[in-house]
Protein chains: 2
Amino acid sequence: MNADEKKKVQKIFTEYLEKHGHRKTTERFAILDEVYSTEDHFDVDSLYTLIKKKKHHVSRATVYNTIELLLNSELIMKHQFGKNLARFEKSFAYKQHDHMICEDCEHIFEFCDPRIQQIQSTVGNLLHFSITSHSLNLFGKCNELAQKGTCQYKN
Amino acid sequence: MNADEKKKVQKIFTEYLEKHGHRKTTERFAILDEVYSTEDHFDVDSLYTLIKKKKHHVSRATVYNTIELLLNSELIMKHQFGKNLARFEKSFAYKQHDHMICEDCEHIFEFCDPRIQQIQSTVGNLLHFSITSHSLNLFGKCNELAQKGTCQYKN
DNA sequence: GTTTGTGCAAATTTTTTGCATTACA
DNA sequence: TGTAATGCAAAAAATTTGCACAAAC
């Protein structure tokens, strides 16, 4: 997408790799590039397919390996949206948000509500639990469906 | 646990099976029994192991099959707590609650905060999304660890 | 030139499916 | 007795691992 953003995340990833003594391979940067080329949430296999289609040959094992590095460098976030399939999203210039998942078209919408932070600190204090993160997912039917009876996102 | 509760859930399951033309097999009731004998959240494999240890011989396929029926009869709930492993809990006489997961000992704590309902309706209205359910998970370190440096739940 | 990282394939883990046999209704 | 459910084993799906070769440093 944004060339400027891509340069920034490449720099972050480079620094991360150098700091941790990892090699800067073309595969790793091809994967980073593909991750930051999509606006959507993705899973490992669809990312693998996208990369294979468009550019460098990369194996699934390398995608899994690199996903791990991208998680550690905080360039992506991992989610579980009810299915036994890990989903990811890029997280540079990330604004805290949660997800609303349409059970019909599977499209993922993002939202943000400050009350979640309040719940987090209330509950953390109450139970002496030091909370590092949260995940809030709302499930239902999206407005596309409710309003039009059909859905632009479906399949 | 509670013999009275067990009778009630057996009745519910019996009615569900009859209503949907499913057979009342010993395996299905053995699985229901085991589910309601634990206070904890469980995954399919640990449930399978428990049943195999204690009673009737039941195959994994049957456990998966029965879990599906128990979900449909609303006698259990399904969760995804960040791992690629479905977790379940019994849900008869269920009080709405969310979960706090210790990243260290993996123990699951339950809590309830009414503000989550408010978020749900605010966001639903705002985005014309009809919300049927939510899942809120808080991740962090439990008080056992924070206060004592060690944890009763660990392993 | 070392070593780490990659690709491939094989192994693991979690879940699903096909089919012969069992047992509920 | 007829058919749905079970057990088993094999298939799928998602992920991890081992090892020989390739390529960073």
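Sequence lines set the chain letters: A, B, ... in the order given, protein chains first and strands last, and positions in each chain run from 1. In this text the structure is predicted, and so the values were computed from the model without any measurement.
- Listed for the A:R28 side chain is no donor-acceptor partner under 3.5 Å among the backbone atoms of A:T66.
- Residue A:H22 places none of its side-chain N or O atoms closer than 4.0 Å to OP1 or OP2 of C:dT4.
- Atom CZ in A:R60 sits roughly 9 Å away from atom P in D:dA14 (whole-Å rounding).
- When distances are taken from the side chain of B:R28 to each of D:dT6, C:dT15, D:dA9, the shortest belongs to D:dT6.
- Between B:H41 and B:H79, the two ring planes are tilted [angle within 30° to 60°].
- If you measure from atom NZ of A:K83 to atom P of C:dT16, you get 11 Å, rounded to the nearest angstrom.
- Minimum atom distance to the side chain of A:T25 is reached by C:dG5, of the listed C:dG5, D:dC8, D:dT6.
- In this structure, A:H20 and A:H22 have parallel ring planes: the angle between them is below the 30° cut-off, well short of the 60° mark.
- Projected onto DNA chain D by closest heavy-atom contact, A:D45 and A:A61 fall at different nucleotides, the more 5' of which corresponds to A:D45.
- Across the protein-nucleic acid pair, B:F88 atom CZ and C:dT14 atom P stand 13 Å apart, rounded to whole Å.
- One finds no salt bridge joining A:E15 and A:K24 here, because no Lys/Arg side-chain nitrogen approaches an Asp/Glu carboxylate oxygen to under 4.0 Å.
- One atom, CG of B:D43, and another, P of C:dT15, lie 8 Å apart when rounded to the nearest Å.
- Along DNA chain C, the nucleotide nearest to B:E68 and the one nearest to A:T62 differ in position, and the one closer to the 5' end is contacted by A:T62.
- Distance, A:N84 CG to C:dT16 P: 8 Å, rounded to whole Å.
- A donor and an acceptor atom sit less than 3.5 Å apart, one in the side chain of B:R23 and one in the base of D:dA4.
- A sub-4.0 Å separation between OP1 or OP2 of D:dT16 and a side-chain N or O of A:Y64 is absent.
- Ion pairing between A:K83 and A:E106 holds under the 4.0 Å rule for side-chain N and carboxylate O.
- Atom P of nucleotide C:dG5 and atom CG of A:L70 are separated by 14 Å, given to the nearest angstrom.
- Set against D:dA14, D:dA24, C:dT14, the side chain of B:L85 has C:dT14 as its closest nucleotide.
- At whole-Å resolution of the value, CD1 in B:I67 and C1' in D:dA5 are 16 Å apart.
- OP1 or OP2 of D:dT6 sits under 4.0 Å from a side-chain N or O of B:N65.
- Put simply, CZ on A:F29 is 17 Å from P on D:dA23, counting in whole angstrom units.
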